[in-house]
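Reviewing the structure listed below.
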Amino acid sequence: MPSYRSPFFLSITLAALALSGCGKKNGELFEEVRPQYEPLRLQVQKIAAELPDGQATQLAGKLGGKRDAPNPKPVLRDDGHGNLVFLHVRQLSDVDVRIDELSDLNLYLGGDFRTLLGWIAKPTTLSAATLESRSGQKFLDMLAKPRAQVRYLGVYRPVKYERPIAQDEKSFTGGRAVVEFFVYDLADGKLLAQWTQTTRPDETVSYLYKPGEDKKERLESWARSSIYTNMLKALGEALPREIGGEFVK
């Protein structure tokens with residue numbers, strides 16, 4: 001028995017095919033809408049150029065005493081989907097810059113916002129498959145979501161990083177990170193808060209290793225990881241105090 005499809009069903013199917021397969025390529029769409037995102041890139045560049053010099057603790061007085069908590073409340077999420085994100089100071093000018101974790105601290109808090117900035121600056125960083133696809137509005141929505149979602153841009157600037165050094169397989173010495181944090185309102189570009197955090201590795205670090213791995217190197221790696229974890233904890237504790245914000249994990 002032959003199959004039957006109503007004209008209504010066929011019209012919907014053909015319309016869907018037209019939208020998904022016969023529209024403009026994503027690469028063409030991106031070139032059309034990219035100028036809409038250029039002001040965001042320039043705003044981030046301006047923040048990078050005007051970031052205060054010197055340690056934040058020495059500059060706190062410039063913000064004018066106690067401030068009202070911003071509205072809406074800044075919410076940082078470790079999945080990058082909050083209205084507050086943080087970028088390493090070097091990522092303000094190049095979001096794809098390599099952060100050497102042996103001598104620096106990377107907090108991985110930029111989320112899709114960091115990715116969007118990279119695409120605006122260098123469209124070629126979009127994969128060939130994405131550029132050649134014809135996903136239409138779905139692609140445009142993917143571009144728009146991070147910009148619409150992020151109201152506050154946080155910047156962190158490591159001013160000192162001392163890596164822990166293993167003395168043997170069970171003990172290490174040193175290890176410290178001193179980081180300045182800044183939070184800006186992207187609605188008007190104003191600096192809302194700044195502060196400094198210092199963290200050290202846990203005094204005792206347990207670590208895993210595979211046969212053949214250097215145990216001292218593994219100990220140092222896990223000690224560095226505890227500096228990172230402790231900095232995130234310190235940031236979560238500072239947000240309510242410094243800006244009335246929240247860190248949601």
Which atom names give the shortest non-hydrogen contact between L143 and P146, and what distance separates them?
O-CD, 3.3 Å
Mind checking whether R114 and V85 have side chains closer than 4.5 Å, heavy atoms only?
no
For residues Y152 and P72, determine if any side-chain heavy atom of one lies less than 4.5 Å from a side-chain heavy atom of the other.
yes
Atom OG in S133, atom CG in L126: separation rounded to 0.5 Å?
11.5 Å
Same apolar cluster: I99 and L87, side chain cutoff 4.5 Å:
no
Return each pair, listed once, that meets ring pair (Phe, Tyr, Trp, His ring centres under 6.0 Å) where at least one residue sits in residues 75-116; pairs must be two or more places apart or across chains.
F86-F181, H88-Y156
What's the separation between atom CZ in R77 and atom CZ in F247, rounded to the nearest 0.5 Å?
10.0 Å
Does a side-chain N-to-carboxylate-O contact under 4.0 Å join E50 and K46?
yes
Taking Q197 for its side chain and V178 for its backbone only, find out whether a donor-acceptor pair lies under 3.5 Å.
no
If you compare all heavy atoms of R224 against all heavy atoms of P164, which two are closest, and at what distance to 0.1 Å?
CG-CD, 3.7 Å
Heavy-atom nearest pair, L105 first then Y161, reads CD1-CE1, 4.1 Å
Is it the case that one hydrophobic cluster holds both L109 and V97, taking links as side-chain heavy atoms less than 4.5 Å apart, direct or via other members?
no
Heavy atoms of L153 and L84 approach each other most closely as C-CD1, 4.3 Å
Please determine whether a side-chain nitrogen of the Lys or Arg among E246 and K73 lies less than 4.0 Å from a carboxylate oxygen of the Asp or Glu.
yes
Close side-chain approach of R147 and L40, heavy atoms under 4.5 Å
yes
Using the side-chain contact (heavy atoms from CB on, under 4.5 Å) definition, which of the options L107, N106, T199 pairs with Y228?
L107
I47 CD1 to L186 CG distance, which is reported to the nearest 0.5 Å:
5.5 Å
Between I227 and R163, does a side chain to side chain contact (heavy atoms under 4.5 Å, CB included) hold up when you go through it step by step?
CA-CA 9 Å; I227 295 177; R163 57 183 291 192; over 6 Å; no
Does a side-chain heavy-atom distance below 4.5 Å link L92 with L117?
no
Going from CZ on R176 to CD on E162, what distance comes out if it is rounded to the nearest 0.5 angstrom?
4.5 Å
Report yes if the side chains of V155 and L51 come closer than 4.5 Å at any heavy-atom pair, otherwise no.
yes
Side-chain (N83) to main-chain (Q149) donor-acceptor, under 3.5 angstrom:
no
Run the salt-bridge test on E32 and K24 with the 4.0 Å N-O cut-off and return the result as yes or no.
yes
Side chain to side chain contact (heavy atoms under 4.5 Å, CB included) assessment of K233 paired with T229
CA-CA 6 Å; K233 180 181 178 181; T229 301; 5.8 Å; no
Under a 3.5 Å distance rule, please check whether S225 uses its side chain to pair with a backbone N or O of S221 as donor and acceptor.
no
To the nearest 0.5 angstrom, please state how far the CD atom of Q36 sits from the CG atom of L140.
8.5 Å
Compare every heavy atom of E242 with every heavy atom of Q194, then report the nearest pair and how far apart it is.
O-OE1, 4.3 Å
Are the side chain of D104 and the backbone of D100 linked by a donor-acceptor contact shorter than 3.5 Å?
no
Determine whether V75 and F182 fall in the same hydrophobic cluster, where Ile, Leu, Val, Met, Phe, Trp and Tyr are linked whenever their side-chain heavy atoms lie under 4.5 Å apart.
no
If you take all heavy atoms of G175 and P201, which pair is closest and at what distance?
O-CD, 3.1 Å
Would you say that V159 contacts V179 through its side chain, given a criterion of any heavy-atom pair below 4.5 Å between the two side chains?
no
So, taking the atom named CD1 in I243 and the one named CG in L76, what distance separates them when rounded to the nearest 0.5 Å?
11.0 Å
What residue pairs, at least two apart or across chains, pass side-chain hydrogen bond (donor to acceptor under 3.5 Å, both in side chains) with a residue in residues 119-132?
K25-E132, S127-T130
salt_bridge(D185, R151) N-O dist < 4.0 Å
yes
